[in-house]
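Down below is the structure, laid out as structure tokens.
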There are 2 protein chains.
Amino acid sequence: MADVAARAGVSLKTVSRVVNDAPYVQPELAERVLAAVAELGFRRNHLASSLRSGQATATIGLLIEEIANPFYATIAGTAAEIARQRDTMLIIASSEEDPVREQQLLRDLCARRVDGLLIVPAGSPGGSDHSFLRAEVELGTPAVFLDRPAGNLRADTVLLDNRGGAREGVRGLVAASHRRIAVLLDSIGVHTMRERLDGAQDALVEAGAPYDERLVRDGVRDPAAARRVVAELLERPDPPTAFFSLNNRITLGVVEELYRRRSDAALLAFDDFELARLVPYPLTVIAYDTRAMARTATELLFRRIDGDRSWPRTVTLPTELVERGLR
Amino acid sequence: MADVAARAGVSLKTVSRVVNDAPYVQPELAERVLAAVAELGFRRNHLASSLRSGQATATIGLLIEEIANPFYATIAGTAAEIARQRDTMLIIASSEEDPVREQQLLRDLCARRVDGLLIVPAGSPGGSDHSFLRAEVELGTPAVFLDRPAGNLRADTVLLDNRGGAREGVRGLVAASHRRIAVLLDSIGVHTMRERLDGAQDALVEAGAPYDERLVRDGVRDPAAARRVVAELLERPDPPTAFFSLNNRITLGVVEELYRRRSDAALLAFDDFELARLVPYPLTVIAYDTRAMARTATELLFRRIDGDRSWPRTVTLPTELVERGLR
DNA sequence: CTGAAAGCGCTAACAC
DNA sequence: GTGTTAGCGCTTTCAG
């Protein structure tokens, strides 16, 4: 910057003004500065600038499980889009469901002085403890939680109506006279899974239907496991007449096995997915608007960054039942 | 840091040493410093640190079209994973296929003094001009290009064998006696699309098959458009007996229309996709390893960051033919 | 092994 | 309108 100033025959501060589009600079001087900038290939150091000016690194941090997962990719895309409108960059960090890693990454993000944090908590057993963020939040790094609530921290949170959605879906099955409904889930340690299971039970209890624990299968980690569980359940003496899959990876396996067996069991699935309409099995999907969730959270975050100090709020977004699959 | 030093009764520099795990600090002093750090809730300012120490922001920039697209999400995930092993954060920016925006974002990333750049060029007509990066690269910000070549810049590049893959796939169709092969593509302006089309023509020319321009349809932007084009082509007096879809969004539409009509046309498709095995139509897919591509590029980038000044190289990764779909 | 001083590149606060 | 001075939080350099 000093070089530019020398070359343009002005002071360092004037260069700073020009580079930052500050008002009250003579056009003539500005032009000379711009010329010098071009000649010298000068590029402003954003780090130094935000070091001096206190906050405003024009960067927000997003902490998720893993970027490659389409659900998180959608969240990241939405957050990036909104951030872009404010000339803010997005740093994405993946916790891979590890609370220790999550905490490290969050601390690192704070050390980089991001303007705010968007967090999908790692959902492993016990959940993560986010109390260490309290200090950061008070020091001016707001945090908004997405999809899952924070652990031990009062903060803005945007959730889906997992319980309500599951309840409504299972009510549909019950109304179609299903009583033996198998439920397949990934991990009961994850908040969303617990909520969805609770919703299913709500509907069953309401209907006075028996709740058979043997029909609930936890630990279904991938499509292959789902196929095995479906096969096993269907070979029982009193097989379920309906399946409720609590996430879309499980749904893939369930569909494949039901299709293979030309089963006529009903299928209810949490999470919509691209291609759901092309799947060779009729199913009812509990869909939601991932982008709306991410948008809400990101807007909430920017409101905080802009100085909103009101009481933290929790927003719950609705789900919707949709018919999918080829019939 | 000064506060911590005061509290621990040491100099500022000693705090710096302790915080950075530097050797040659008396354990006793270190302990006092750590205690003070904990009491005061001190957190090192990463920005200030890398401002003074020259480079090493432990951040790399990734420029892609859009994060929400699974292809780019996979690239981002792989890059983030490798970066993590080096305690490096990843800033992701989306160009949305706009070369102007691309350039802005790249400049901004440089202004943030990222240690290196991973770039999937915006593929719009004419391609982008990356010559403005030459200065940055020379100033020590290495760049590696992915999936598409750079415009007017010699740099490390990792590509897929688009042409070879398409050639091999179409050879298969030709060997199965197909002569009227329709080709559907998104935009001829994108490098990968041109290469794929060239590969198809290679195979046709080899076989002495007629090349019918009316069977090549550019501008098929989404699945709905693909459906319309398929419908129209099938209603011609001499309909194609095979379809070659140049990307997976197009493939979705083609599958849907062929399935709907219970057609027996052969389908060849560039890009594998999750759920391809569940698609209700037999198809041959030209698959490739996106993660390998991203891994290769990211490793190349870190080698540059570590000081490799050898001649830029271009790596081309192979594709593979795979049978998919329900038969 | 530890500390004092200088300064990374920039901007806030003020004087001119 | 423009320049000067100080200093953001840290690390480098070099003296002890």
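Residue numbering restarts at 1 for every chain, and letters A, B, ... go by the order of the sequence lines.
Shown for residues 38-48 of chain A: residues whose heavy atoms fall under 4.0 angstrom of DNA chain C, namely A:Phe42, A:Arg43, A:Arg44, A:Asn45, A:Ala48. At a non-hydrogen distance threshold of 4.0 Å, B:Leu12, B:Lys13, B:Ser16, B:Asn20 from residues 7-21 of chain B come into contact with DNA chain D.
Side-chain atoms of A:Arg112 come within 3.5 Å of backbone N or O of B:Thr57 as a donor-acceptor pair. Proximity of a side-chain donor or acceptor of B:Ser16 to a complementary backbone N or O of B:Leu12 within less than 3.5 Å is not detected. Panel note: side chain B:Ser94, backbone B:Ile92; no donor-acceptor pair is recorded below 3.5 Å. In this structure, B:Asn152 contributes its side chain and B:Asp129 its backbone to no donor-acceptor pair below 3.5 Å. For the pair B:Thr78 (side chain) and B:Thr74 (backbone), a donor-acceptor distance under 3.5 Å is present.
The separation between A:Arg52 atom CZ and C:dT11 atom P is 10 Å, rounded to whole Å.
Nucleotides of DNA chain D with any atom under 4.0 Å from a heavy atom of chain B span, from 5' to 3', D:dG9 to D:dT12.
Under the salt bridge (charged side-chain N to carboxylate O under 4.0 Å, His left out) criterion, the residue pairs touching residues 65-86 of chain B are B:Glu65-B:Arg148, B:Glu81-B:Arg291, B:Arg86-B:Asp306, with sequence neighbours excluded. Residue pairs satisfying the salt bridge (charged side-chain N to carboxylate O under 4.0 Å, His left out) criterion with at least one member in residues 68-78 of chain A, sequence neighbours excluded, are absent.
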Q: Please assess A:Arg107 against A:Gln104 for the test side-chain contact (heavy atoms from CB on, under 4.5 Å), listing each intermediate value before the final yes or no.
A: CA-CA 5 Å; A:Arg107 283 191 195 281; A:Gln104 282 170 356; 5.9 Å; no
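Residue-environment remark: CD (B:Glu96) exceeds the threshold of 12 foreign heavy atoms within 6.0 Å.
Applying the ring pair (Phe, Tyr, Trp, His ring centres under 6.0 Å) rule to A:Phe145 yields the partners A:His130; only residues at least two apart in sequence or on another chain are considered.
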